[in-house]
Asks: 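Sharing a structure, written as structure tokens. Questions coming.
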There are 2 protein chains.
Amino acid sequence: MEKEYNSEEEFLKDYDVSKYDRPSVTSDICLFSVSSEGQNNYRKLSKKYFSVLLVKRKNYPFKDKWCLPGGFIRMNETSEEAARRVLADETNLHNVFLEQLYTFDSIDRDPRCRVLSITYMGLVDKNKLDDSLFPNASWFNITSLEDDNSYHVTLDNGNETIKFVVGKTLKEKTTDRFKFEVLDNKSIAFDHPKAIISGMERLKHKISYTDIVFNMIGEYFTLGELQQVYEVILGKKLLDPAFRRIIAGKVVKTDKMQTGGGHRPSVLFKYKDEKEL
Amino acid sequence: MEKEYNSEEEFLKDYDVSKYDRPSVTSDICLFSVSSEGQNNYRKLSKKYFSVLLVKRKNYPFKDKWCLPGGFIRMNETSEEAARRVLADETNLHNVFLEQLYTFDSIDRDPRCRVLSITYMGLVDKNKLDDSLFPNASWFNITSLEDDNSYHVTLDNGNETIKFVVGKTLKEKTTDRFKFEVLDNKSIAFDHPKAIISGMERLKHKISYTDIVFNMIGEYFTLGELQQVYEVILGKKLLDPAFRRIIAGKVVKTDKMQTGGGHRPSVLFKYKDEKEL
DNA sequence: TGAATAGTGTCTGTGAGACAATATTAT
DNA sequence: ATAATATTGTCTCACAGACACTATTCA
């Protein structure tokens, strides 16, 4: 039989959370960037790779496996604040673009106890920040082979190559949401392969109707570089004229030029943050 | 100083969740539908309204205010399972379309303690289910006036009219995500006005590139009815030929006709769940 | 000079916006 | 007959895909 209360104050004074069982909650970040790899041919542009930041776990569970940066949220911070704190602590990255991605909540996703993960997608310009990264964190280049039912992903950070396979099934015939399932994974902790795939899909989708891509490049860039970024994220080649038409309204030409390659120099552009008049 | 462990088993045996402070977690559902209102003119179609399901709170906090159906998640169920359980318990609705919307986590959103809300967007065909609804739940027709900075929303269930105002600011210039802020609200519990707005935006957006709208109508429908559904969700009139072109690939003509209105009868269509060959 | 990227021109087909026109019913 | 919805036809404009062409640099 429940006690009767006559006011909210009275009720709140009596309320005791500890009587109820509660899950733990972490905030994890799927941080993406695009990295350039040096070229031996002086004429060619440096090849670009889509990459994700992973952290080596120092403690149990999943000790010595790679995982997304993340940690338990504190009672006096939001999950986004927790994400920013964790990024600063584990990787030394500050002021990154973050957007809430998904809350993962499978019952057995953590062997310790019931843990929910509020996962964020983050985007940064890797080149600005590379040297300041803490040693336990590492950027992995992503190669993803996709078919209708699965993703075969290879991650490479220069020293180590990781592979995993994630299956996908449409949740309902009327929607675009997938149920992801980890089919093969030996090197990544928790259900983080799912988070990586979700993040990749989110980014692929949003790159076409928002300007989030500009969080992944420097202030000045050539249209060729920008196009490369789109191409590695979308996983396909784009036609130059079409790309330039699409991007035209989002960028502003500057009077700077980029020279030095064995080819025609190119104009440096900036992101046009004002909406056109 | 932390104890050293030599295996995951050993670590897990020692792990004691209760040492750590944890938030509580609820699962809430922003359930939408489209309702028809009878017409006095025998010629005219019944007017359609976009509507949301609210529940009157029986207990503190926010006793007697309206809120989204929801409740605390249990340790042996996912948030989606919790959402389905709660919908069955509070409203007597089963087998509804659900999709995870957002996790709301402002620190003071619940006066009892720190409570996160994993919020789902749900879609149903109201007409099929109307009579079975529990009495504490009620459908409210939504009228929303929007400008660049705010939503002025009026909710009406026939007996009661509720108003609230939610402000919006773009989170980052590169994205489409808004920070919502409740500017005026006397009748709705928690931060649920934000969830309602988020759900409306999500639905508006996804209606154009998925088939989720078919969760909101019956098996057989006329194209005029379907167009009305799009119109109330998008909040604008559509041109008939354009609408028919867009929808053509998603529906199949049946040999049934709808007659009875003072006008040309119309063909009844079905959702085409197979992709075209 | 040649390989490579930068940048532009233009044709074509698709598809949305706009508006007009015809069809059919119940009162 | 008339008001209302159902359905189709068609013109135009915007834009993406495709391909060709020119421009410019440095070893």
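In what follows, chains are A, B, ... by sequence order, proteins preceding strands, each numbered from 1. Computed over heavy atoms, backbone and side chain alike; hydrogens, waters and symmetry mates excluded.
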Asks: Quick one: on DNA chain D, does Glu225(B) or Gly260(A) contact a more 5' nucleotide (nearest heavy atom)?
Replies: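 Upstream on the strand: Glu225(B).
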Asks: Could you check whether Glu219(A) pairs with Lys256(A) (Lys NZ or Arg NE/NH1/NH2 to Asp/Glu carboxylate O, under 4.0 Å)?
Replies: no
Asks: Angle class for the Tyr209(B)/His205(A) ring planes (parallel below 30°, perpendicular above 60°, tilted otherwise)?
Replies: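 Ring orientation, 0 to 90° scale: tilted.
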Asks: Hey, which of Val229(A), Leu203(A), Thr143(A) is the one that makes side chain to side chain contact (heavy atoms under 4.5 Å, CB included) with Phe50(A)?
Replies: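 Among Val229(A), Leu203(A), Thr143(A), the one meeting side chain to side chain contact (heavy atoms under 4.5 Å, CB included) with Phe50(A) is Leu203(A).
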Asks: Nearest 0.5 angstrom please: Ser144(B) OG to Met200(B) CE, how far?
Replies: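 It is 4.0 Å, given to the nearest 0.5 Å.
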Asks: In terms of ring plane angle, is the pair Phe214(A) and Phe221(A) parallel, tilted or perpendicular, where the classes change at 30° and 60°?
Replies: tilted
Asks: Taking ring-ring contact (aromatic ring centres under 6.0 Å, His included) as the cut-off, I'd like each qualifying pair that reaches into residues 244-263 of chain A, sequence neighbours left out, listed once.
Replies: none
Asks: Which of the following nucleotides, dA23(C), dA4(C), dA6(C), is nearest to the side chain of Lys44(A)?
Replies: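 Of all the options, the side chain of Lys44(A) is nearest to dA4(C).
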Asks: Where along residues 227-245 of chain B does a heavy atom come under 4.0 Å from DNA chain D, residue by residue in number order?
Replies: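 Asp240(B), Pro241(B), Arg244(B), Arg245(B) - these, ordered by number, are the residues of the stretch whose heavy atoms sit under 4.0 Å from the strand.
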Asks: Want to settle it: does Pro265(A) or Asn41(B) sit nearer the 5' end of DNA chain D, counting the closest nucleotide to each?
Replies: Asn41(B)
Asks: Angle class for the Phe180(B)/Tyr151(B) ring planes (parallel below 30°, perpendicular above 60°, tilted otherwise)?
Replies: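 Aromatic pair Phe180(B)/Tyr151(B) classed perpendicular.
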Asks: Go through DNA chain D in 5' to 3' direction and return only the first and the last nucleotide with some atom under 4.0 Å of chain B's heavy atoms.
Replies: dT2(D) to dT10(D)
Asks: Looking only at the side chains, is there a donor atom on one of Thr161(B) and Asp156(B) sitting less than 3.5 Å from an acceptor on the other?
Replies: yes
